[in-house]
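A short worksheet on the structure shown next.
All residue numbers refer to positions in the sequence shown, counting from 1.
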Amino acid sequence: MRYETRCAQETFALGEELGRAAHPGQVYALTGGLGVGKTVFTQGLASGLGIEEPVRSPTFTILQVYEEGRLPFYHFDVYRIADVDEMDEIGYEDCFYGAGVCLVEWADLIEEILPPDVIRVTIEKDLARGGPDYRMITIGSSGSPEGEDGVNGIERVGEI
């Protein structure tokens, strides 16, 4: 599904809707260039899970864990991963295959270890189409029923 957002609040709201629909074991693979709104989207998803503490991108720590919401939330930022083997050192499998929800920023950098039922989220800017705040957000599963549940649970607001 493709969604258009025209401001940070709309990007946050779309993430929040996904967070409300999320269930244990879901992994969101988030991709997009620098400054497209990945952290804003992630903050929305965390809000939808009931997390009230500030959510920041864990660029230097790779993983930030939030446990105060209705499900544990594992927020990865793998931008600085030099080798996918570094993910073993932080215990990614416990998060990917646990009872919480994972979101991985820059997920394309660790493609080979992502679960088969990952939910893919791509955020793109298009200045010509809608100005500096316009975003095209594509959300889709990798084809498994588990991944489809994460996509189908959100409202169609903003869908194109």
Side-chain angles (χ1 to χ4, degrees), residues 1 3 5 7-125 135-142 144 146-154:
M1 289 180 266
Y3 300 85
T5 64
C7 62
Q9 293 84 354
E10 289 181 5
T11 299
F12 181 97
L14 182 59
E16 189 172 40
E17 196 64 38
L18 265 180
R20 285 191 196 110
H23 2 199
Q26 288 184 318
V27 177
Y28 294 88
L30 182 57
T31 56
L34 288 169
V36 298
K38 292 184 300 295
T39 300
V40 169
F41 181 88
T42 301
Q43 290 167 338
L45 192 135
S47 177
L49 289 169
I51 295 164
E52 296 179 3
E53 69 182 278
V55 173
R56 294 181 183 87
S57 194
T59 302
F60 294 100
T61 58
I62 313 237
L63 171 63
Q64 181 65 46
V65 178
Y66 302 90
E67 295 183 354
E68 72 178 60
R70 66 178 180 83
L71 295 169
F73 179 47
Y74 307 105
H75 179 197
F76 291 85
D77 183 332
V78 298
Y79 183 73
R80 298 200 184 279
I81 291 278
D83 186 316
V84 75
D85 291 337
E86 291 178 46
M87 293 295 288
D88 289 326
E89 296 171 19
I90 59 174
Y92 81 93
E93 288 179 323
D94 293 337
C95 300
F96 282 15
Y97 301 102
V101 174
C102 294
L103 183 137
V104 182
E105 293 188 48
W106 302 97
D108 50 323
L109 299 176
I110 60 163
E111 188 70 39
E112 60 267 34
I113 63 169
L114 292 174
D117 58 349
V118 68
I119 299 164
R120 299 189 181 278
V121 180
T122 303
I123 304 177
E124 301 170 284
K125 282 185 181 182
R135 300 294 184 268
M136 174 65 67
I137 302 174
T138 306
I139 303 173
S141 74
S142 293
S144 74
E146 293 84 3
E148 284 298 325
D149 286 347
V151 176
N152 294 333
I154 62 175

- Hey, does the side chain of Glu68 reach the backbone of Glu52 with a donor-acceptor pair shorter than 3.5 angstrom? yes

- Message: Is there a side-chain contact between Leu103 and Val121 in this structure, where contact means two heavy atoms from C-beta onward sitting under 4.5 Å apart?
- Response: no

- From His75 NE2 over to Leu30 CG, what is the distance, rounded to the nearest 0.5 angstrom? 7.5 Å

- Does any N or O in the side chain of Gln43 come within less than 3.5 Å of the main-chain N or O of Val55, such that one atom is a donor and the other an acceptor? yes

- Message: Ignoring hydrogens, what is the shortest heavy-atom contact between Lys38 and Thr42? Give both atom names and the distance.
- Response: O-OG1, 2.8 Å

- How about Ser57 and Asp77: does a side-chain donor come under 3.5 Å of a side-chain acceptor? yes

- To the nearest 0.5 angstrom, please state how far the CD1 atom of Ile110 sits from the CD atom of Glu112. 8.0 Å

- If every non-hydrogen atom of Ala22 is compared with every non-hydrogen atom of Val101, which pair is closest and at what distance? CB-CG2, 3.9 Å

- Which heavy atom of Leu71 sits nearest a heavy atom of Ala99, and at what distance? CD2-O, 3.9 Å

- Item | Donor-acceptor under 3.5 Å (Arg135 side chain, Tyr3 main chain) | no

- Task: Please answer whether the main-chain N or O of Ile62 pairs with a side-chain N or O of Arg80 as donor and acceptor at a distance below 3.5 Å.
- Result: no

- Item | Ring center gap for Tyr28 and Phe73 short of 6.0 angstrom | no

- Report yes if some heavy atom in the side chain of Ile137 is under 4.5 Å from a heavy atom in the side chain of Glu10; otherwise report no. no

- Task: Look only at the side chain of Glu111 and the backbone of Asp108, and say whether a donor-acceptor pair between them is shorter than 3.5 Å.
- Result: no

- Query: Under a 4.5 Å cut-off applied to non-hydrogen side-chain atoms, are Val104 and Phe96 in contact?
  - Reply: yes

- What is the distance from atom CE of Met136 to atom CD1 of Ile123, rounded to the nearest 0.5 Å? 12.0 Å

- Note on the structure: Closest non-hydrogen atoms of Leu63 and Cys95, given as atom of the first, atom of the second and distance, are CD2-SG, 4.1 Å

- If every non-hydrogen atom of Pro115 is compared with every non-hydrogen atom of Val27, which pair is closest and at what distance? CG-CG2, 3.9 Å

- Summary of ring pair (Phe, Tyr, Trp, His ring centres under 6.0 Å) pairs that have at least one residue in residues 99-124, sequence neighbours excluded: Tyr79-Trp106

- Between atom CG of Leu114 and atom CG of Leu109, what is the distance when rounded to the nearest 0.5 Å? 10.0 Å

- Task: Rounded to the nearest 0.5 Å, what's the gap from CG on Leu45 to CD on Glu16? Could you check?
- Result: 9.5 Å

- Message: Does any part of the side chain of Gln64, heavy atoms only, come nearer than 4.5 Å to the side chain of Arg56, both counted from C-beta?
- Response: no

- Please round to the nearest 0.5 Å and tell me the distance separating atom OH of Tyr74 and atom CD1 of Ile90. 12.5 Å

- Message: Can you give me the closest heavy-atom contact between Tyr97 and Ile113, atom names plus distance?
- Response: OH-O, 4.4 Å

